[in-house]
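Every number for a ligand or one of its atoms is a count from 1 in the order of the listing.
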Amino acid sequence: MSILKKLNADLTNLVLEAGYEDNVILLPSNRKDLGDYQINNALTLAKTYHKNPMLIAEDIKNVLQTDSRFTNINIAPPGFINLTLSTDFLISVLNEFNNDHFSCIDKKEPKKIIIDYGGANVSKALHVGHLRSANLGEALKRLAKLVGYDCLGDAHLGDYGRPLGLVLLEIKKRYPHLAFFDESYQGDYSEISLPITNADLEEIYPTASLKAKEDEAYLEEARQITFKIQNHDKGYYELWQKVVNISKEAIKKVYDDLNVSFELWLGESDSVSYLSELKDIFTQKNLLKLSDNATIVEVATTEDKAPMPPLLFIKSNNSLSYATTDLATILQRQKEFAPDEIWYCVDLRQNLHFEQVFRAARLSKIVPDSVKLEFIGFGTMNGKDGKPFKTRDGGIMPLKDLIKLINEETLKRLNPDITDDQERTEISKDVAIAALKYADFLAFRSTDYIFEEEKFADLEGKTGPYLLYSTIRMKSLLTKSQTTYQNITTLPTKEERQLAMYILTLPTVIDKSLETKSLNEICEFLYNLTATYNKFYAENKILTEQDTSLKESRLVLTKIVYDLNLLLLDILGIKVPKKM
Ligand code: ARG
């Protein structure tokens with residue numbers, strides 16, 4: 001149990017001692033002149049006990065006075081209790097945190113969560129639309145693991161369906177003599193080398209897609225190939241696998257750059273083996289209906305205020321729909337992993353799709369009712385024109401180009417004393433990712449934000465580089481100290497007390513982030529902690545302090561803020577370089 005939780009539990013008991021029963025929560029004060037914290041329970045208790053809140057507050061104040069952790073207890077009408085935590089108590093909070101970070105983090109009841117946050121599409125470059133999913137999913141996974149949940153991140157590659165049929169067709173047009181297309185081929189497919197790189201694939205798909213729009217026969221041929229892949233037709237299936245592997249490798253590299261990794265590299269195609277079982281379940285439950293040659297599932301209810309279209313189960317051309325693949329994936333996840341929850345970090349604009357899928361999953365009971373399915377939608381990253389971010393010529397911006405853009409900005413701001421080119425490149429990359437991620441998380445998950453590379457890369461203000469720079473400075477101070485430092489014994493300045501109070505609120509920040517599935521609170525916390533520390537650093541002596549116990553206290557405090565920054569930056573998927 002975290003110190004904060006224990007504090008609230010003890011307060012609840014003290015109030016009970018005063019003769020009142022209520023859940024007491026210590027809140028940051030609205031009137032800092034009257035105390036650091038306030039307790040509002042007297043007001044609600046007045047209703048329950050039909051008693052004047054000022055009298056109740058007086059009773060509570062009397063018991064609180066018996067506890068040395070609370071000082072300066074005073075009452076403000078109509079019954080607010082203000083108080084301040086004693087310096088000794090704050091010192092103990094810091095020392096405990098220094099010994100064990102979990103003194104200020106609550107572990108939760110274990111549960112298993114699958115997080116679907118990749119969604120990259122094979123043979124297409126990762127683009128800006130995939131950025132927030134990757135950032136958010138990875139950070140939520142790290143946060144959930146921190147509190148003790150068992151999490152599996154799944155890349156859920158878009159590796160099936162028409163796009164792949166198109167790619168294979170275009171390869172066939174360009175290299176018709178490849179053995180994959182030779183029905184009489186008897187040899188080993190693994191020996192055939194494919195004259196195609198990932199860069200080729202990224203060009204092949206848009207070319208093929210354009211051709212299909214203009215040429216009905218081409219489109220039809222692609223459909224047939226899609227069908228062949230889905231039916232494991234030998235040559236096409238082998239070629240499909242090769243293409244997936246080439247693409248996967250390139251996709252993985254971009255995710256690596258973003259400091260994002262997955263426990264599971266499954267794709268839409270992996271759910272296919274569950275399709276017939278899925279169909280059986282839906283058929284037995286009488287959920288499938290024919291409509292205009294397509295098979296649909298009615299998911300609307302009488303309570304719907306807005307129209308809820310039916311879920312498309314099998315398209316009229318007999319191919320699988322995106323919804324059916326997601327349903328088969330739910331069935332697969334249930335059978336193979338039996339999770340307690342599945343989280344989907346996907347663009348908000350896919351809200352309706354997931355609403356339909358979740359409803360169909362409930363109707364068919366492919367997962368027990370107890371399994372929580374959660375859509376965690378995010379807003380778009382926009383360009384300076386306020387519209388979804390595009391390249392200069394209006395195309396979709398590949399993620400690696402976006403990283404390059406921000407990298408150019410961070411490189412400009414790097415310390416010129418770092419002269420080694422390779423070192424500069426490496427450091428700048430870490431700083432660029434920090435700039436990008438911090439700005440992404442600073443906006444509430446569902447709000448759109450504008451990509452402003454200069455602002456994101458700034459060394460001042462609420463930015464990733466500011467946090468990195470400050471964190472590196474803390475580290476260098478600790479390295480320079482060359483003394484041992486173990487305990488805080490004194491906490492003389494306002495900033496030092498403030499830092500202790502921040503650390504005390506850590507469980508609240510973590511809970512809030514897990515509840516809203518947004519990292520903005522953690523970003524604010526990191527900024528406030530760091531800015532407060534920097535103010536303290538600017539105004540006080542540390543290394544040159546003559547009073548040894550004061551010096552030791554300040555070094556330990558520096559170490560605590562440094563550790564906390566590392567911990568939280570790591571949750572955000574941000575690496576701290578050695579210098580910058
Ligand atoms: N591949 C999809 C896209 O690029 C995203 C997949 C999201 N996850 C899911 N389970 N549907 O739009």
**Message:** Please list the nearest protein heavy atom to atom 8 (N) of ligand 1 with its residue and the distance rounded to 0.1 Å.
**Reply:**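 So the nearest neighbour among protein heavy atoms is Asp116 OD1, 3.2 Å.
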**Request:** Write out the residue and atom name of the closest protein heavy atom to atom 12 (O) of ligand 1, then the distance separating them to 0.1 Å.
**Result:**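 Heavy-atom neighbour on the protein nearest atom 12 (O) of ligand 1: Gln350 NE2, 3.2 Å.
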**Prompt:** Parallel, tilted or perpendicular for Phe313 and Phe282, by the 30°/60° rule?
**Reply:**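 Correct class here is tilted.
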**Asked** Relative to the ring of His232, is the ring of Tyr237 parallel (under 30°), tilted (30 to 60°) or perpendicular (over 60°)?
**Response**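 The rings of Tyr237 and His232 lie parallel, inter-plane angle below 30°.
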What are the atoms of ligand 1, with element, lying closer than 4.0 Å to any heavy atom of [X]?
{"X": "Tyr344", "result": "10 (N)"}
{"X": "Gly119", "result": "1 (N), 2 (C), 3 (C), 4 (O), 5 (C), 6 (C)"}
{"X": "Asp326", "result": "9 (C), 10 (N), 11 (N)"}
{"X": "His130", "result": "4 (O)"}
{"X": "His156", "result": "8 (N), 9 (C), 10 (N)"}

Which bit of [X] gets closer than 4.0 Å to ligand 1, counting heavy atoms only: side chain, backbone, both or neither?
{"X": "Asp347", "value": "neither"}
{"X": "Asn121", "value": "side chain"}
{"X": "Phe354", "value": "side chain"}

**Request:** Please determine if Arg174 and Asp200 form a salt bridge, counting it only when a charged side-chain N lies under 4.0 Å from a carboxylate O.
**Result:**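 Between Asp200 and Arg174 there is no salt bridge, as every charged N stays at least 4.0 Å from the carboxylate O atoms.
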**Request:** Output yes when Lys429 and Glu426 qualify as a salt bridge under the 4.0 Å nitrogen-oxygen rule, no when they do not.
**Result:**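 Not counted as a salt bridge, because no side-chain N and carboxylate O are separated by less than 4.0 Å.
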Say whether [X], considering both its backbone and side-chain N or O atoms, lies within less than 3.5 Å of an N or O atom on ligand 1.
{"X": "Glu268", "value": "no"}
{"X": "Tyr322", "value": "yes"}
{"X": "Ala120", "value": "no"}

**Item:** Residue pair Gln332 / Asp270: nearest heavy atoms and the distance that separates them
**Value:**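 Closest approach of Gln332 to Asp270: NE2-O, 3.4 Å.
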**Prompt:** Does Lys107 make a cation-pi contact with Phe102 (under 6.0 Å, within 45 degrees of the axis)?
**Reply:**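 Positive - Lys107 is close enough to the ring of Phe102 and near enough to its axis.
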**Asked** Just by modelled atom types, is the Asp116 backbone N or O under 3.5 Å from a matching donor or acceptor in the Asp154 side chain?
**Response**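 No; zero donor-acceptor contacts below 3.5 Å.
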**Request:** Check Tyr255, Phe262, Trp343 against Tyr117 for a ring pair (Phe, Tyr, Trp, His ring centres under 6.0 Å) and give me the one that passes.
**Result:**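 Only one option passes, and that is Phe262.
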**Message:** Using the ring pair (Phe, Tyr, Trp, His ring centres under 6.0 Å) definition, which of the options Tyr236, Trp240, Tyr189 pairs with Phe180?
**Reply:**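 Single ring pair (Phe, Tyr, Trp, His ring centres under 6.0 Å) partner of Phe180 among Tyr236, Trp240, Tyr189: Tyr189.
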